[in-house]
Amino acid sequence: MSIVGYTNAGKSTLFNGLTTAGVYAADQLFATLDPTLRRLDLPEVGPVILADTVGFISPLPHRLVEAFKATLEETRNADLLLHVVDAASEDRAEHALQVREVLREIGAENVPQLEVYNKIDLLETAPRIDRDDAGRPVRAWVSARDGSGLEALLGAIGELVGDDMVARELVLAPEQGRFRAALYRLGAVRDEHYGSDGAAHVSVRLPRADWERLVASEGAP
Ligand SMILES: Nc1nc2c(ncn2[C@@H]2O[C@H](COP(=O)(O)OP(=O)(O)OP(=O)(O)O)[C@@H](O)[C@H]2O)c(=O)[nH]1
Ligand SMILES: [Mg+2]
């Protein structure tokens with residue numbers, strides 16, 4: 001899951017706001033390896049990886065495209081994008097359009113999105129979740145700075161991500177250590193024990209997009 005949005009929209013503030021509550025000590029190593037990635041523990045869903053990204057402006061300067069290939073890759077492969085908009089900016093509609101344009105440029109236009117209208121403390125608007133006709137969350141109104149609306153946002157994320165989770169019971173031979181390590185890195189391991197044959201019996205649960213990407217890069221277990 002990636003946080004995207006126009007420069008200064010409050011992406012990093014939201015990244016910190018969403019993760020500080022849920023980060024546990026074991027994640028320190030993870031945070032040190034890449035400060036733009038953190039694990040978020042969603043009630044009902046389990047752990048998901050959250051990525052902070054650079055501010056999007058359109059057209060995207062080509063040197064930026066080069067410098068942030070990894071981030072863009074992350075965004076294209078995400079199972080959900082949180083599109084943060086500075087709701088207090090008078091240019092918010094224009095900025096949101098530019099971000100959508102960049103998402104198209106990098107081939108991420110089909111990734112499911114939840115809009116996060118941030119900085120409602122400046123508007124004196126109450127936090128709320130807007131839904132489409134089918135009842136799916138489409139927009140959350142929050143203040144990343146004072147934390148209002150973040151609980152509801154986490155709930156909405158859980159609804160969207162939880163709809164598309166994969167649960168598997170895997171039997172991994174010792175030589176499948178890479179696959180097992182990747183599952184741990186994704187925070188997908190629910191339970192594990194070793195059989196008398198030395199194989200690891202691993203119970204996993206993770207977003208379908210993460211599972212498919214793992215199988216594509218490492219092969220089916
Ligand atoms: N009033 C108010 N200010 C906010 C809120 N969230 C972020 N800010 C402020 O907006 C500015 C930008 O916040 P960042 O979180 O750095 O924004 P960003 O989207 O990560 O910016 P870039 O990474 O530079 O694109 C900072 O001064 C924040 O303190 C909010 O909910 N309310
Ligand atoms: Mg930032």
Side-chain angles (χ1 to χ4, degrees), residues 1-25 27-28 30-58 60 64 68 71-72 74-75 78-103 108 111-132 136-162 187:
M1 184 162 69
S2 285
I3 300 181
V4 300
Y6 201 76
T7 297
N8 206 49
K11 298 178 295 297
S12 300
T13 308
L14 181 71
F15 179 72
N16 288 320
L18 284 179
T19 52
T20 39
V23 185
Y24 30 93
D27 274 356
Q28 289 309 318
F30 199 68
T32 310
L33 288 175
D34 187 341
T36 67
L37 291 180
R38 275 190 212 155
R39 197 152 72 194
L40 188 63
D41 221 6
L42 297 174
E44 312 287 315
V45 175
V48 297
I49 306 297
L50 186 65
D52 188 15
T53 69
V54 290
F56 285 15
I57 43 170
S58 180
L60 206 57
L64 208 67
F68 293 102
T71 296
L72 302 181
E74 189 86 40
T75 299
D79 46 338
L80 179 67
L81 299 180
L82 301 181
H83 176 180
V84 184
V85 177
D86 178 350
S89 164
E90 48 187 46
D91 298 322
R92 73 184 193 192
E94 170 61 23
H95 291 170
L97 268 177
Q98 288 198 25
V99 170
R100 280 186 216 110
E101 181 52 39
V102 172
L103 290 175
V111 181
Q113 281 185 40
L114 178 62
E115 287 187 337
V116 180
Y117 270 46
N118 187 33
K119 309 196 187 182
I120 58 169
D121 53 295
L122 299 176
L123 297 173
E124 295 179 22
T125 300
R128 69 165 195 270
I129 304 288
D130 296 338
R131 293 170 183 273
D132 65 12
R136 286 170 71 84
V138 290
R139 181 178 294 168
W141 296 77
V142 308
S143 168
R145 179 183 277 178
D146 72 20
S148 50
L150 295 191
E151 279 299 315
L153 171 58
L154 283 171
I157 294 168
E159 281 181 53
L160 292 172
V161 176

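The residues of the chain are indexed from 1 along the displayed sequence.
Atom OG of Ser89 and atom CG of Asn118 lie 11.5 Å apart (nearest 0.5 Å). Rounded to the nearest 0.5 angstrom, Leu14 CG and Ile3 CD1 are separated by 4.5 Å. For the atom pair OH (Tyr6) and NE2 (His83), the distance works out to 11.0 Å, reported to the nearest 0.5 Å. The distance from the CG atom of Leu18 to the CG atom of Leu150 is 5.5 Å, given to the nearest 0.5 Å. One finds the CH2 atom of Trp141 at 14.0 Å from the NZ atom of Lys119 (value rounded to the nearest 0.5 Å). Residue Tyr117 holds its OH atom at 14.5 Å from CG of Leu153, rounded to the nearest 0.5 Å.
Under a 3.5 Å cut-off, the side chain of Arg92 and the backbone N or O of Ala87 do form a donor-acceptor pair. Between the side chain of Asp91 and the backbone N or O of His95 there is no donor-acceptor pair closer than 3.5 Å.
When side chains are defined from C-beta on, Leu80 does not count as touching Val48, because their heavy atoms never get closer than 4.5 Å. With a 4.5 Å cut-off on side-chain heavy atoms, Pro127 and Val142 do not count as touching. Annotation: side chain of Thr75 is in contact with side chain of Leu103 (closest heavy-atom distance under 4.5 Å). Contact check for Leu40 versus Leu154: side-chain heavy atoms found under the 4.5 Å cut-off. Contact of the Met1 side chain with the Asp79 side chain is registered, since non-hydrogen atoms from C-beta on lie closer than 4.5 Å. Considering only heavy atoms from C-beta on, Asp121 stays 4.5 Å or farther from Ser148 through its side chain.
Surrounding CZ of Arg131 are more than 12 heavy atoms belonging to other residues, nucleotides or ligands, all under 6.0 Å away.
Smallest separation of non-hydrogen atoms from Ala156 and Leu114: CB-CD2, 4.2 Å. Across Val85 and Ala96, no two heavy atoms sit closer than the pair CG2-CB, 4.3 Å. Residues Ser12 and Asp52 come closest through the heavy atom pair OG-OD2, 2.7 Å.
Salt bridge absent: Asp41 and Arg39 never bring a charged side-chain N and a carboxylate O closer than 4.0 Å.
Side-chain contact, Arg38 with Asn16: a donor N or O sits under 3.5 Å from an acceptor N or O.
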